[in-house]
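Chain naming here is simple, since letters A, B, ... match the order of the sequence lines and numbering starts at 1 in each.
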Amino acid sequence: MGYCGTKRWKSSKVSLELLGKAREIAEKLDGEVVAVLLGYEVEKLTDTLIHHGADRVILIDNINLKHYTTDAYTKAICEVAKEKNPEIIFIGATYIGRDLGPRVAARLKTGLTADCTGLDVDDETKNLLMTRPAFGGNIMATIECPNHRPQMSTVRPGVFSVPCADYGRE
Amino acid sequence: MNILVFIKQVPDTNEVRIDPKTGTLIREGVPSIINPDDMNAIEEALRIKEEVGAKVTVVTMGPQQAEKALREALAMGVDEAVLLTDRAFAGADTWATSLVLAKAAEKLGYDLIFAGRQAIDGDTAQVGPEIAEHLNLPQVTYVEKVEVLDGEVRVRRALEDGYETLRVKLPCLLTCIKELNNPRYMNIYDIFTCYSKEIKVMGLSDLELQKEEVGLIGSPTKVKKSFTKGPKAQGEKYDVPALEAANIITEKLKGMHLI
Ligand SMILES: Cc1cc2nc3c(=O)[nH]c(=O)nc-3n(C[C@H](O)[C@H](O)[C@H](O)COP(=O)(O)OP(=O)(O)OC[C@H]3O[C@@H](n4cnc5c(N)ncnc54)[C@H](O)[C@@H]3O)c2cc1C
């Protein structure tokens, strides 16, 4: 039961990159990809998310989400996470994603792997394997979050490619 | 006003060497410095102290030798220094680190908290926001300008494509980037007195924390393995006139469907 949440505020490219990767991971885990879309009057973006690999989109459209605030966005994501109990949450490692990610992880009392450049699933344990650079890129580390859920990571923009849109997906 | 500044002692990464056999970092003999963003955090706290008056306390979690980072901060002019050290704290990820730092903040009291945006070793930029969450405080990350007003601060935060200016009620937590200011040097007077000042030391029991909540055991994330990036494969060399070089390049790019 892999359940991947992806988070986006604008039609940012990294969100689409995440969807491609989330799709790949979800297939390995036999789970589904759910995109969480926050904003105001952003409904038209839901199709793009589906076309790029989301099975479902959770849309929270509210005037309070028009501009990013740490408070409102953390609250919205945490409510969704508490209700849906996702296995995995991916967030783009943009300035905003790196403001939001640790706040959400701390509230959900779980681990967060920063700035991942590689994501895979352990064949045996089915845990997410998150690989990231540290020490200014001098060292790479593969990190696991074995006993806490969701497993969370922020992912660097431009690392994974945007999947080809499939306009037939519904 | 009480200002807390969280600082981390980090290896000077220009000097970092990796053991070619084990792929791990060689820490012995590597000089340690105060994390660069944290220098900006100290500077900003001192600037506010000079402008409106404040007591500035630096706090670090680390082994005994992290005391040196605290002495350096004292030599820059901060008022007090606190070392959080305990064998149980070792191996902490950002969740467990931020829990210890947040507990210390509760014990010490604060109106304004500064952290660096990111440490140059762990490189996660997660500790600041996680402390703020543990303390249930508003946060602003990537701060490049701070003005103290009455009971609130006006701050400018950097974004990829510009910046935004926010007003935040105190108490709050701000994470600093190098654009914020130019950190001062240690001054002669404080260098002389920094060794006579007392450093407050706190451990697990002082913070009323349990062993299971901190350090390696309290950390949700585990480093499964670490390795150095393999060297890049050798490139191809051409020694040809410019025009021919241009052709080779365009052919290659076409081959990769980039143009
Ligand atoms: C190779 C490697 C990879 C890692 N990857 C992860 C990961 O993905 N997720 C994870 O949760 N942990 C990870 N860790 C553990 C993490 O490095 C430690 O928890 C570290 O103590 C804090 O993280 P940081 O260095 O990234 O700090 P950052 O979050 O980048 O630091 C930001 C600011 O927080 C303050 N701060 C940080 N540490 C201290 C301290 N000890 N004392 C006082 N102030 C402090 C400083 O103001 C600093 O500027 C990793 C460790 C290694 C060795």
Distance in Å, [X] [atom1] paired with [Y] [atom2], rounded so as to fall on 0.5 Å steps:
X	Y	atom1	atom2	result
B:Leu166	A:His67	CG	NE2	11.5 Å
A:Ile139	B:Asp123	CD1	CG	11.0 Å
B:Arg117	A:Tyr95	CZ	OH	6.5 Å
B:Gln139	A:Leu100	CD	CG	9.0 Å
A:Leu112	B:Asp93	CG	CG	9.5 Å

Can you see which heavy atom on B:Ala125 is nearest to which on A:Pro102, and at what distance? O-CG, 4.3 Å
Chain A heavy atoms under 4.5 Å from B:Leu159: which part of the residue, side chain, backbone, both or neither? both
Is it the side chain or the backbone of B:Ala96 that comes within 4.5 Å of chain A heavy atoms, both, or neither? neither
Does [X] [atom1] have over 12 foreign heavy atoms under 6.0 Å away?
X	atom1	result
A:Lys109	NZ	no
A:Glu83	CD	no
B:Glu179	CD	yes

Say whether, by atom type as modelled, one donor and one acceptor occur between the side chain of B:Asp121 and the main chain of A:Phe135 under 3.5 angstrom. no
Does any N or O in the side chain of B:Gln126 come within less than 3.5 Å of the main-chain N or O of A:Gly101, such that one atom is a donor and the other an acceptor? no
Which atoms of A:Asp99 come close to chain B, meaning under 4.5 Å heavy atom to heavy atom: side chain ones, backbone ones, both, or neither? both
Region of A:Asp122 in contact with chain B, defined by heavy-atom distances below 4.5 Å: side chain
Heavy-atom pairs under 4.5 Å with chain B: which of [options] has the most?
options	answer
A:Met130, A:Met152, A:Glu144	A:Glu144
A:Arg103, A:Arg132, A:His148, A:Arg107	A:Arg103
A:Asn147, A:Asp71, A:Thr74, A:Thr110	A:Thr110

May I ask you to name which of B:Lys225, B:Glu133, B:Arg157, B:His134 has the most heavy-atom pairs under 4.5 Å with chain A? B:Glu133
From CA spacing to verdict: side chain to side chain contact (heavy atoms under 4.5 Å, CB included), A:Thr142, B:Phe227: CA-CA 9 Å; A:Thr142 300; B:Phe227 49 99; 3.6 Å; yes
Spell out the residues in residues 212-224 of chain B that have some non-hydrogen atom less than 4.5 Å away from a non-hydrogen atom of chain A, in order of number; otherwise answer 'none'. B:Pro220, B:Thr221, B:Lys222, B:Val223, B:Lys224
